[in-house]
Amino acid sequence: AAGTYQVTLTVTDGGGLTATSTQSVSVTSPPVNQPPVPQFSFSCTGRTCTFDSSASTDDVGITVRQWHFGDNTTLANVVIATKTYAAAGTYIVRLSVMDATGAYRNLDRTVVVP
């Protein structure tokens, strides 16, 4: 537990003489894990779009990335994804990111495919 503790070391030599030293030791709580922060940019040329999630961050590291392209297709564990849509239209693209502790967040963006 976090707090300040007194730690005592006692040393005895071969002749039976002892010495003692006491020091205060402060213990802090570990930082609370923060959920990842998903970020992505995109650009489209015709019906082919490139999505880049390299700006996503996390304090313990992102372990899972899941793309949902808004047309019932998905792609997992790719930082930069390329998607060719079957038809022009407006799609809601979701990036889900998860860290090693299971914390996750989603980011939805509207993508207009010409």
Side-chain angles (χ1 to χ4, degrees):
T4 301
Y5 299 91
Q6 297 297 316
V7 177
T8 302
L9 173 66
T10 302
V11 181
T12 304
D13 69 11
L17 298 175
T18 63
T20 301
S21 177
T22 300
Q23 296 286 323
S24 292
V25 176
S26 294
V27 177
T28 59
S29 297
V32 176
N33 180 48
Q34 298 298 310
V37 179
Q39 294 291 332
F40 72 90
S41 60
F42 65 91
S43 63
C44 298
T45 302
R47 292 192 329 261
T48 300
C49 300
T50 301
F51 301 91
D52 183 349
S53 69
S54 61
S56 298
T57 59
D58 186 62
D59 58 341
V60 297
I62 295 171
T63 58
V64 176
R65 294 171 198 258
Q66 180 77 36
W67 294 98
H68 304 268
F69 294 112
D71 65 348
N72 294 320
T73 63
T74 61
L75 183 62
N77 295 322
V78 176
V79 175
I80 299 174
T82 300
K83 166 69 179 166
T84 300
Y85 287 90
T90 301
Y91 299 90
I92 303 298
V93 175
R94 171 174 282 181
L95 172 64
S96 301
V97 291
M98 183 183 303
D99 69 17
T101 68
Y104 72 93
R105 276 196 183 147
N106 302 316
L107 173 63
D108 293 345
R109 301 215 27 215
T110 302
V111 176
V112 177
V113 177

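- Residues Asp13 and Gly15 approach most closely at OD1-N, 2.9 Å, considering heavy atoms.
- At a threshold of 4.5 Å between non-hydrogen side-chain atoms, the residues Tyr104 and Ser96 do not count as touching.
- Expressed to the nearest 0.5 Å, how far CD of Gln23 lies from CG of Leu9 amounts to 10.0 Å.
- For the pair Tyr91 and Ala87, the tightest heavy-atom approach, listed with the atom from each and the gap, is OH-O, 2.7 Å.
- Residues Thr18 and Thr12 have side chains that never bring a donor and an acceptor to within less than 3.5 angstrom of each other.
- Using cut-offs of 30° and 60° for the angle between ring planes, the Phe51 and Phe40 rings count as perpendicular.
- A distance of 4.5 Å separates CG of Asn106 from CZ of Arg94, quoted to the nearest 0.5 Å.
- Met98 is not connected to Leu107 by any chain of hydrophobic side-chain contacts under 4.5 Å among Ile, Leu, Val, Met, Phe, Trp and Tyr, and they are in different clusters.
- Closest heavy-atom contact between Pro38 and Ser56: CA-OG, 3.5 Å.
- The heavy-atom pair separating Ala2 from Ser29 by the smallest distance is CB-OG, 3.4 Å.
- Between atom SG of residue Cys49 and atom CZ of residue Phe69 there is a gap of 9.5 Å, rounded to the nearest 0.5 Å.
- Looking only at side-chain heavy atoms (C-beta outward), Trp67 and Leu95 come within less than 4.5 Å of each other.
- Side-chain contact check for Asp59 versus Pro31: every heavy-atom pair is 4.5 Å or farther apart.
- Contact check for Ile92 versus Thr110: side-chain heavy atoms found under the 4.5 Å cut-off.
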Might you work through the side-chain contact (heavy atoms from CB on, under 4.5 Å) test for Val97 and Val64, ending with a clear yes or no? CA-CA 6 Å; Val97 291; Val64 176; over 6 Å; no
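- Defined by atom type and a distance below 3.5 Å, a donor-acceptor pair is missing between the side-chain atoms of Gln39 and Ser53.
- Smallest separation of non-hydrogen atoms from Asp99 and Gln34: OD2-O, 3.5 Å.
- Judged by distance alone, the side chain of Arg47 and the main-chain N or O of Tyr85 form a donor-acceptor pair under 3.5 Å.
- Considering all non-hydrogen atoms of both residues, Arg105 and Pro35 come closest at NH2-CG, 3.5 Å.
- Hydrophobic clustering (ILVMFWY, side-chain heavy atoms < 4.5 Å, transitive): Val78 and Val111 are in one cluster.
- Separating the OG atom in Ser54 from the CD1 atom in Ile62 is a distance of 10.0 Å, to the nearest 0.5 Å.
- Using a 4.5 Å cut-off on side-chain heavy atoms (C-beta onward), Lys83 and Leu75 make no contact.
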